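Scroll down for the structure; my scribbles are underneath it.
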Amino acid sequence: MGKYAVILLAGFALGAGAIQGLHAQAGKTPAYAIAEVEVTDPPLYQAYLAKAIDSLKPYNARIIVRAKPDLKEGTPAQGNIVITSFDSLADAQKWYSTQPYKDLIAARQQSAKTRFYIVEGVPQ
């Protein structure tokens with residue numbers, strides 16, 4: 001009987017841990033870096049882009065949109081829209097303001113006309 005009690009307690013502990021993990025994930029608030037990019041120097045921009053993509057890896061970030069928008073209203077974008085997803089606003093801010101990305105900002109600005117935003121998403 002003692003063996004079954006230990007198994008039962010272990011099952012409750014595992015279940016409680018899984019439920020806490022799900023609740024923690026449910027409250028996560030992602031963040032997004034959003035850029036409108038009109039490339040003016042394609043070779044320089046391609047060099048920037050390769051390094052910028054590598055700079056995302058430590059933050060578990062990924063590019064989820066890179067396309068010319070389909071305008072429905074308002075003023076047309078002057079280039080492509082790029083949206084990068086981060087797990088949190090803190091991750092996005094840290095990525096933008098620390099090396100290696102901080103050192104790449106000048107290359108982006110030299111190779112493209114951009115508008116760049118970081119926004120907090122809706123809790124998932």
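Just so it is clear, the values below take in all heavy atoms, side chains as well, and ignore hydrogens, waters and symmetry mates. Quantities reported herein were computed from a predicted structural model and do not represent experimental measurements.
Clustering ILVMFWY residues whenever any of their side-chain heavy atoms sit less than 4.5 angstrom apart, transitively, puts V119 in a cluster other than the one holding W95. Following chains of ILVMFWY side-chain contacts shorter than 4.5 Å, one can reach L56 starting from I105, so the two form part of one hydrophobic cluster. Under the 4.5 Å side-chain contact rule for hydrophobic residues, L89 and Y101 share a cluster.
For N80 against K68, the heavy-atom pair with the smallest separation is OD1-N, 3.1 Å. Of all the heavy atoms in P100 and S55, the pair that sits closest is CG-CB, 3.8 Å. Closest approach of A31 to A92, counting heavy atoms only: CB-CB, 4.1 Å.
Atom-to-atom distance recorded for I53:CD1 and I63:CD1 is 4.5 Å, nearest 0.5 angstrom. Between the OH atom of Y59 and the CZ atom of F86 there is a distance of 8.5 Å, given to the nearest 0.5 Å. The CD atom of Q78 sits 5.5 Å away from the CD atom of E38 when rounded to the nearest 0.5 Å. In this structure, OH on Y96 lies 11.0 Å from CG on L104, to the nearest 0.5 angstrom. Between R115 atom CZ and I81 atom CD1 the span is 7.5 Å, to the nearest 0.5 Å. E120 CD to T29 OG1: the interatomic distance, rounded to the nearest 0.5 Å, is 5.5 Å.
Applying the salt bridge (charged side-chain N to carboxylate O under 4.0 Å, His left out) test to every pair with at least one member in residues 93-108, sequence neighbours left out, gives no pairs at all. Residue pairs satisfying the salt bridge (charged side-chain N to carboxylate O under 4.0 Å, His left out) criterion with at least one member in residues 46-64, sequence neighbours excluded, are listed as follows: D54-K57.
Under a 3.5 Å cut-off, the side chain of D87 and the backbone N or O of P30 do not form any donor-acceptor pair. Counting only distance, with no hydrogens or angles, the side chain of S85 and the backbone of Y32 share no donor-acceptor pair below 3.5 Å.
Side-chain contact between Q110 and D41: absent, with no pair of heavy atoms (C-beta onward) separated by less than 4.5 Å.
Contacts of V37 classified as side chain to side chain contact (heavy atoms under 4.5 Å, CB included), with partners at least two apart in sequence or in another chain: A35, V39, Y45, V82, A112, T114.
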Might you work through the side-chain contact (heavy atoms from CB on, under 4.5 Å) test for D91 and N60, ending with a clear yes or no? CA-CA 9 Å; D91 284 347; N60 195 32; over 6 Å; no
